[in-house]
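Take a look at the structure set out below.
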Amino acid sequence: MAVTYPQLSHGALQQILADQKVNRPVLQIIVYKQMSQSDQLKYRFQMSDGVETCSNFVIILPELIQRISKGEFEKFTVVELKAYTCTVNPGIGREIIVVSDMSVVMSGAKIGKRLDKQESNGGFLSNAGNTSLNGKPRAEPSKTASPMAAAKSGVSGPQSVCPISAITPYFNAWKIRARVTSKANKRNWSNARGEGCVFSFDCMDESTEIRVNAFTKECDKYYDLIEVNKVYYITKGTVKTANKKFSNLANDYEITLNSDSVVELCADIEVSEMPKIRYRFVQIKDLESVALQSVVDVLAVVKNVDECMSITSKKTQKELKKRDIALVDKTSYEVRFTLWNEVAEQFDGQTNQIIAIKNAVVGEFNGRTLSGVSSTTYQLDPDIPETNILKEWFEREGQTLSTNTLSKSYEGIRDNEWKFLSQINEQTVNGDNRSYFNIRARVVQTGRNPIYKACGQNGCLKKVTDNNNGFYHCAKCQTDSTQYEPRLVLSVALSDCTSEIWITLFQEQAEKILGISAKELHELQESNPPEFVKALTASEFKE
DNA sequence: CCCCCCCC
Ligand SMILES: [Zn+2]
């Protein structure tokens with residue numbers, strides 16, 4: 001019995017490469033190979049429309065890459081491109097077609113040969129076969145796709161968009177089209193370098209995501225324009241290395257908007273074309289070993305939702321709203337996740353729902369906690385395969401298992417006994433048996449030099465030595481860097497009516513007692529020694 | 001150029 005082969009979209013490649021929209025073209029895979037030159041895994045495909053071939057199809061999306069590895073897109077497979085973007089790669093000045101969704105029409109194994117268009121003169125066939133993987137298709141001779149030429153046009157004009165993953169500090173002719181996934185609050189800042197305001201937003205396309213920062217002038221210019229879930233064209237901007245300490249996005253770079261930047265709303269985009277938010281989940285159990293203040297994504301079952309409550313900030317005396325949510329995942333570990341203000345009030349998740357959290361900050365209060373910050377987002381029952389797996393686990397066994405909680409409850413702490421300083425001795429603080437107790441005492445003296453320079457490499461925090469040439473050496477990482485992180489080890493003398501003792505406070509506790517961050521204190525030490533001493537001694541005689 | 005994210 002004869003096999004009926006699928007019909008390829010003859011002529012589609014020429015149209016696609018000429019920037020004409022072709023709806024769901026049906027193409028045949030001729031060959032593909034992994035691209036090795038970048039650290040990000042990518043595949044390059046040669047596709048045929050039956051008339052000609054083009055080798056500039058690129059696959060970056062992890063979901064599609066996984067399907068490639070499962071053998072779904074072998075040689076001669078006919079596919080329908082459900083979503084793709086034709087862009088100019090600023091690196092090579094040539095069109096590339098980034099495929100973000102495709103489905104198999106018929107497997108290559110079943111077809112077993114090329115489905116070139118049968119022409120009476122045979123002309124197409126001879127041309128179709130000879131495009132090399134590095135070659136440019138011979139169609140569309142009039143197209144000049146140099147990025148510099150393209151950059152002269154307006155932002156929503158003819159310059160082709162490129163994938164976010166193509167942005168590097170070495171090219172400035174990029175133009176992206178990206179959906180905003182989160183928008184941080186506008187904040188004021190002031191330090192030795194000046195003062196101003198800032199906000200940032202995270203956005204993504206089919207390829208990856210990136211954080212965009214806007215300072216002062218650009219902050220005022222774009223703050224109202226940027227809205228979550230809307231799609232924007234962005235051109236120009238300074239591309240910088242991202243500091244991983246402050247985001248968990250899948251990008252080594254960030255954009256800082258400048259006076260040349262153009263940001264325009266892209267109104268004519270369908271919701272179905274929007275890529276799904278991608279997460280890089282950390283298991284709750286592993287939060288124990290994650291550096292404090294790091295930014296993580298978590299997928300969990302909502303085990304309990306507390307009421308929203310009002311508290312007063314100690315620092316600003318302002319009234320704040322907060323809501324605690326207990327999360328549990330397949331590790332049977334539980335952690336408390338705190339949402340703040342409007343986000344806390346608006347939270348409408350229910351017990352037993354699955355929650356995917358992006359960009360939560362790891363904190364510490366009698367164990368580990370998670371806190372929402374202004375770039376944190378969450379989805380309830382997200383449309384990802386892990387949701388059902390986790391839901392089934394919870395219904396089957398998770399809900400009856402007892403959990404190991406990383407965030408000890410306030411009630412548990414409150415039950416601890418109160419001690420006078422004179423009661424603290426070798427018996428109460430014995431070696432490996434940790435004991436917890438509360439004390440009420442007055443700070444009578446603070447150590448005078450609490451700041452040390454720590455290694456800033458992904459959570460190392462070992463003390464670095466000053467090479468006295470502008471570099472600081474970390475013996476653990478075996479690296480020299482111009483950067484370091486000021487950290488605190490503060491000795492304080494406590495006194496109550498029974499006794500006086502010296503205790504050592506590390507970073508977070510020291511910041512709390514002093515009421516100033518290590519960074520701010522360090523800046524004071526450098527710029528204003530009298531104020532530094534004042535800040536250090538400010539806590540003395542406080543309870 | 002920010003990098004705070006609050007409370008028990
Ligand atoms: Zn180090």
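Just so you know, these numbers come straight off a predicted model, no measurement behind them. Numbered from 1 within each chain, the chains take letters A, B, ... in sequence-line order.
Note that CG of A/Asn229 and CD of A/Glu227 are 9.5 Å apart. Values are rounded to the nearest 0.5 Å.
With 3.5 Å as the limit, one finds a donor-acceptor pair spanning the side chains of A/Asn258 and A/Thr238.
Across the protein-nucleic acid pair, A/Glu218 atom CD and B/dC2 atom P stand 15 Å apart, rounded to whole Å. One interatomic measurement links the two molecules: CG of A/Asn188 to P of B/dC2, which rounds to 13 Å at whole-angstrom precision. For A/Phe215 and B/dC4, the CZ to P distance is 13 Å, given to the nearest whole Å. The separation between A/Glu520 atom CD and B/dC2 atom P is 12 Å, rounded to whole Å. Atom CG of A/Asn248 and atom C1' of B/dC3 are 15 Å apart (whole Å). For the pair A/Asp202 CG and B/dC2 P, the interatomic distance rounds to 18 Å; values are reported in whole Å. Across the protein-nucleic acid pair, A/Glu508 atom CD and B/dC7 atom P stand 14 Å apart, rounded to whole Å. When the C1' atom of B/dC2 is taken as reference, atom CD of A/Glu254 falls 10 Å away, rounded to whole Å.
Contacts of A/Arg193 with the nucleic acid, taken as non-hydrogen atoms under 4.0 Å apart, involve only primed sugar atoms and P, OP1 or OP2. Nucleic acid contact class of A/Asn213 (heavy atoms, under 4.0 Å, all strands): base. Within the 4.0 angstrom heavy-atom criterion, no nucleotide atom of any strand lies near A/Asp324. A/Lys314 comes within contact range of the sugar-phosphate backbone alone, with a heavy-atom separation under 4.0 Å but no base atom that close.
Scanning for ring-ring contact (aromatic ring centres under 6.0 Å, His included) contacts around A/Phe281 gives A/Tyr279, with sequence neighbours left out.
The shortest distance between the side-chain N/O atoms of A/Asn191 and the OP1/OP2 oxygens of B/dC2 is below 4.0 Å. Contact between the side-chain N/O atoms of A/Lys321 and the OP1/OP2 oxygens of B/dC6 is not found at any separation under 4.0 Å. An OP1 or OP2 oxygen of B/dC3 is reached within less than 4.0 angstrom by a side-chain nitrogen or oxygen of A/Arg187.
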**OP:** Evaluate the salt bridge (Lys or Arg N to Asp or Glu O under 4.0 Å) criterion for residues A/Asp466 and A/Lys453: first the C-alpha distance (whole Å), next the side-chain angles of each, then the deciding distance (0.1 Å), finally the verdict.
**Re:** CA-CA 9 Å; A/Asp466 192 341; A/Lys453 296 178 169 73; 5.5 Å; no
Subject >> Residue pair A/Asp381, A/Gln353: steps toward the side chain to side chain donor-acceptor pair (under 3.5 Å) verdict >> reply: CA-CA 6 Å; A/Asp381 291 327; A/Gln353 270 189 308; 3.1 Å; yes
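If you check B/dC6, B/dC8, B/dC3 against the side chain of A/Phe365, the one that comes closest is B/dC8. Among the nucleotides B/dC2, B/dC4, B/dC3, the one closest to the side chain of A/Phe246 is B/dC3. Between B/dC1, B/dC7, B/dC5, one nucleotide has an atom nearer to the side chain of A/Ser371 than all others, and that is B/dC5. For A/Ser313, the side-chain atoms get nearest to B/dC7 when compared with the rest of B/dC7, B/dC5, B/dC2.
If A/Lys240 and A/Ala184 are placed on DNA chain B by their nearest nucleotide, the residue sitting closer to the 5' end is A/Lys240.
Counting only residues at least two apart or on different chains, the ring-ring contact (aromatic ring centres under 6.0 Å, His included) pairs with a member in residues 481-536 of chain A are A/Tyr472-A/Tyr484, A/Tyr484-A/His522.
For B/dC8, the base has a donor-acceptor partner in the side chain of A/Arg336 [N/O atoms by modelled type, under 3.5 angstrom].
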